[in-house]
Amino acid sequence: MEYNNPVIPGFYPDPSICRVGDDYYLVTSSFEYFPGVPIFHSKDLVHWRQIGHCLTTERQLPLAKAWSSGGIYAPTIRHHNGWFYMVTTNVSDIGNFFVRSEQPAGPWSDPIPVAQNGIDPSLLFDEDGRVYFQSARNGDEGNGIYQCEIDISSGSMLTESRLIWKGTGGANPEAPHLYKINGYYYLMIAEGGTEYGHMVTIARSSDPYGPYEPCPSNPILSHRSLNSSIHATGHADLVQAHDGSWWAVFLGIRPASYPYRHHLGRETFLAPVSWTTDGWPVIGHGGRIEPVMAAPQLPEVRWPLKANRDDFDDTTLGFDWTFLRNPAPESWSLHESPGNLVLRGNKVSLDDAGAPAFVGRRLCHMSCNIAALLDFEPVNDGEEAGLTVFMNERYHYDLAVKLKEGRKVIVYRRTVGSMRTEYTQDCPEGAVTLKIEARPESFLFKVQQDQSNDLELGSGETHLLSTEVAGGFTGILIAMYAVCERGQSTPARFDWFDYKPMT
């Protein structure tokens, strides 16, 4: 049996994993999007389904101050004595904290802060009852991985922070995970920055505070300078499967074109881990992985396929859906018009680093067809609702219905940094189907009304919304949105939303 990488496609970076019996749980970063820290479940390490989020309330996840690619960085998930712990950083608010739950699907506790600063926090529950907390920070001894012991009931630091490893000399030593395996403490980190020079390195010691001996074969994972469809591999976490085999999850990117540019974001990959005779781990094939690899020798458990269409008939949104920062309660509803998602725009637009009326999902495939049926009759100039291909407030493509100078129009807009183009077409009364055809190097935008033929409005290059151009740490979301310059919006009713991958 074989599996395809990535195992979780789309903007799901910085994966962390834990095993409980024959169940596996995985979390990823979520940055400025809400709810925060999606959590996935698998029985075979290959097939994953989302079961919820760890941070589902504004009290757990305040994002009012979150800039683009701010918010939640690099979670770690661990299980100890019947409790799940998820530790992470809200770089725009509380800093480092953890939440806990007896059930991985939640509900999770209120945040418990940890005073040691930095990013990418992790936990090790040692056999003697001590709990070690690691983070990447620039402390008194320079940039590196620092550690303290904490009281897991309160988050209080029981010791001072100490530098335990600076890595092998690569830029930005980060993403620490500490494991105790066969009497050794293994400290695995990422170096090189989450870019094309990304890599995973590891060191070990007989003492949790070191000194740490680097692996002679570092880096144990890197795709630097390779002729591969997968790049920027790093930020890994190890897990021992219930059959005794070892595996790593980590992030990587799939550039869509040359020069290399990626727009789906950093995705979650899987690779086997072997051990040398002198006790060092090797990820993949000598530190390299492939798009297709031999699957774990575990019983295969597939989850039901997701429907291509969301009819918005349920009373809650599915786990795929996400908001941009903490949504205003009045900005969206599944109850106002049952069978529809209703958005009411406010003065916050897609060009603002705020919380517009916005319900989106990650773009997870290079090629897919997206469509939504929108019923929207704006009555005031400046009212607008539609679909956006969104990277951040300075880089997005929009296809929408708008009232402009008293006329209802379809507008297709491209916002690329300081440059903006806009095309409008008169739009008759009545619902309209908005369509986006996503392909590796372009997006094509169309509209359809009644049973008429599609009207093509324009296209946009994927690379202009890529991380290499737009910056940041996220990936593209496809979102339904609404805006109202006056703040009192006509309701925009979305009857359904289609997302159909092209195989």
Side-chain angles (χ1 to χ4, degrees), residues 14-18 73-78 80 85 87-89 96 114 116-128 130-150 157 159-194 198-222 233-240 246-251 271 273-276 278-283 287:
D14 309 324
S16 176
I17 190 171
C18 72
Y73 280 23
T76 296
I77 188 169
R78 295 292 182 255
H80 180 71
Y85 296 84
V87 58
T88 188
T89 315
N96 287 327
V114 178
Q116 179 170 300
N117 63 9
I119 60 169
D120 301 2
S122 189
L123 295 171
L124 173 67
F125 294 88
D126 209 345
E127 297 151 354
D128 60 4
R130 294 180 179 179
V131 182
Y132 296 100
F133 176 94
Q134 306 82 35
S135 65
R137 61 190 290 261
N138 191 5
D140 295 339
E141 299 177 78
N143 197 26
I145 308 305
Y146 286 73
Q147 180 170 271
C148 67
E149 294 172 41
I150 66 168
M157 291 174 58
T159 66
E160 295 295 316
S161 297
R162 289 172 54 183
L163 175 71
I164 57 174
W165 197 35
K166 287 191 171 184
T168 64
N172 302 315
E174 58 191 7
H177 291 305
L178 187 66
Y179 314 91
K180 193 170 187 183
I181 303 170
N182 295 332
Y184 278 109
Y185 294 91
Y186 286 85
L187 178 60
M188 189 169 68
I189 72 170
E191 299 184 52
T194 185
H198 214 195
M199 56 180 170
V200 175
T201 58
I202 197 165
R204 70 185 180 191
S205 174
S206 57
D207 186 279
Y209 286 99
Y212 278 88
E213 168 200 2
C215 174
S217 300
N218 278 328
I220 61 171
L221 172 68
S222 184
T233 53
H235 203 118
D237 198 6
L238 298 177
V239 67
Q240 187 175 23
W246 285 84
W247 295 82
V249 294
F250 50 93
L251 66 80
V273 175
S274 56
W275 292 82
T276 64
D278 52 351
W280 291 106
V282 179
I283 298 177

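Quantities reported herein were computed from a predicted structural model and do not represent experimental measurements. Quick note: numbers below take in every heavy atom, side chains included, and nothing from hydrogens, waters or symmetry partners.
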(request) Let me see the working for Leu124 and Tyr185 under side chain to side chain contact (heavy atoms under 4.5 Å, CB included), right down to the final yes or no. (result) CA-CA 10 Å; Leu124 173 67; Tyr185 294 91; 3.9 Å; yes
(request) Please collect all salt bridge (charged side-chain N to carboxylate O under 4.0 Å, His left out) contacts where either partner lies in residues 139-148, sequence neighbours excluded, each pair once. (result) none
(message) How long is the straight-line distance from OG1 of Thr194 back to CG of Asn172, given to the nearest 0.5 Å?
(response) 9.5 Å
(request) Name all residues meeting the side chain to side chain donor-acceptor pair (under 3.5 Å) criterion together with Gln147; count only those two or more places apart in sequence or in a different chain, and write none if there are none. (result) Gln134
(message) If the condition is side chain to side chain contact (heavy atoms under 4.5 Å, CB included), which residues does Asn143 pass it with, not counting sequence neighbours?
(response) Asn138, Pro173
(message) As an exercise, state the distance from CG of Leu221 to OG1 of Thr233, rounded to the nearest 0.5 Å.
(response) 4.0 Å
(message) Suppose we screen for side chain to side chain contact (heavy atoms under 4.5 Å, CB included). Which residues come up paired with Thr159, at least two apart in sequence or across chains?
(response) Cys148, Glu149, Tyr209
(request) State the CD1-CE distance between Ile189 and Met199, to the nearest 0.5 angstrom. (result) 8.0 Å
(request) Measure across Gly144 and Leu163 and return the closest heavy-atom pair with its distance rounded to 0.1 Å. (result) CA-CD1, 3.9 Å
(message) Could you report the tightest heavy-atom contact between Ser16 and Asp237, atom names first, then the distance?
(response) OG-OD2, 2.8 Å
(request) Sequence neighbours left out, what passes side chain to side chain contact (heavy atoms under 4.5 Å, CB included) with Gln240? Give chain and number order. (result) Trp246
(message) How long is the straight-line distance from CG of Leu238 back to SG of Cys18, given to the nearest 0.5 Å?
(response) 13.5 Å
(message) Quick check against the 3.5 Å criterion: does Thr76 have a side-chain atom that pairs as donor or acceptor with the backbone of Pro121?
(response) yes
(message) Run the salt bridge (Lys or Arg N to Asp or Glu O under 4.0 Å) test against Lys180 and tell me which residues pass, sequence neighbours left out.
(response) Asp126, Glu127
(request) Provide the full list of side-chain hydrogen bond (donor to acceptor under 3.5 Å, both in side chains) pairs with a residue in residues 210-222, sequence neighbours left out, each pair given once. (result) Ser222-Arg224
(request) Please round to the nearest 0.5 Å and tell me the distance separating atom CH2 of Trp280 and atom CD1 of Ile220. (result) 9.0 Å
(message) Do Thr276 and Asp278 pair up side chain to side chain, a donor and an acceptor below 3.5 Å, judged on atom types alone?
(response) yes
(request) Taking Arg137 for its side chain and Gly142 for its backbone only, find out whether a donor-acceptor pair lies under 3.5 Å. (result) no
(request) May I ask you to test the Leu251-Pro15 pair for a side-chain heavy-atom distance under 4.5 Å? (result) yes
(message) Could you walk me through whether Leu123 and Ile150 satisfy the side chain to side chain contact (heavy atoms under 4.5 Å, CB included) test, starting with their C-alpha distance in whole Å, then the side-chain angles of each, then the deciding distance to 0.1 Å, before giving a yes or no?
(response) CA-CA 9 Å; Leu123 295 171; Ile150 66 168; 3.9 Å; yes
(message) Centre-to-centre under 6.0 Å for Tyr186 and Trp275, is that the case here?
(response) yes
(message) Looking at every non-hydrogen atom in both residues, tell me the closest pair between Pro214 and Trp165 and how far apart they are.
(response) CB-CZ2, 4.1 Å
(message) The criterion is side chain to side chain contact (heavy atoms under 4.5 Å, CB included); which residues satisfy it with Ala236, sequence neighbours excluded?
(response) Met188, Val200, Phe250, Ile283
(request) Identify, with sequence neighbours excluded, every residue that meets ring-ring contact (aromatic ring centres under 6.0 Å, His included) alongside Tyr179. (result) none
(message) If the condition is side chain to side chain donor-acceptor pair (under 3.5 Å), which residues does His198 pass it with, not counting sequence neighbours?
(response) none
(message) Is any side-chain heavy atom of Thr89 closer than 4.5 Å to one of Asn96?
(response) yes
(message) Can you tell me how far apart OH (Tyr132) and CG (Leu178) are? Round to the nearest 0.5 Å.
(response) 9.0 Å
(message) Contact between Ser122 and Arg78 at the side-chain level, heavy atoms closer than 4.5 Å - yes or no?
(response) yes
(request) Search all heavy atoms of His235 against all heavy atoms of Ala74 and return the closest pair with its distance. (result) CE1-CB, 3.7 Å
(request) Report yes if some heavy atom in the side chain of Val87 is under 4.5 Å from a heavy atom in the side chain of Phe133; otherwise report no. (result) yes
(message) Restricting to salt bridge (Lys or Arg N to Asp or Glu O under 4.0 Å), what partner residues turn up for Asp128, sequence neighbours left out?
(response) Arg130
(message) Donor-acceptor check, side chain of Thr201 to backbone of Pro219, threshold 3.5 angstrom: yes or no?
(response) no
(request) Using the test salt bridge (Lys or Arg N to Asp or Glu O under 4.0 Å), find all partners of Asp120 that sit at least two apart in sequence or belong to another chain. (result) none
(message) Between Glu174 and Ile119, does the side chain to side chain contact (heavy atoms under 4.5 Å, CB included) criterion hold? Intermediate values first, please.
(response) CA-CA 8 Å; Glu174 58 191 7; Ile119 60 169; 4.2 Å; yes
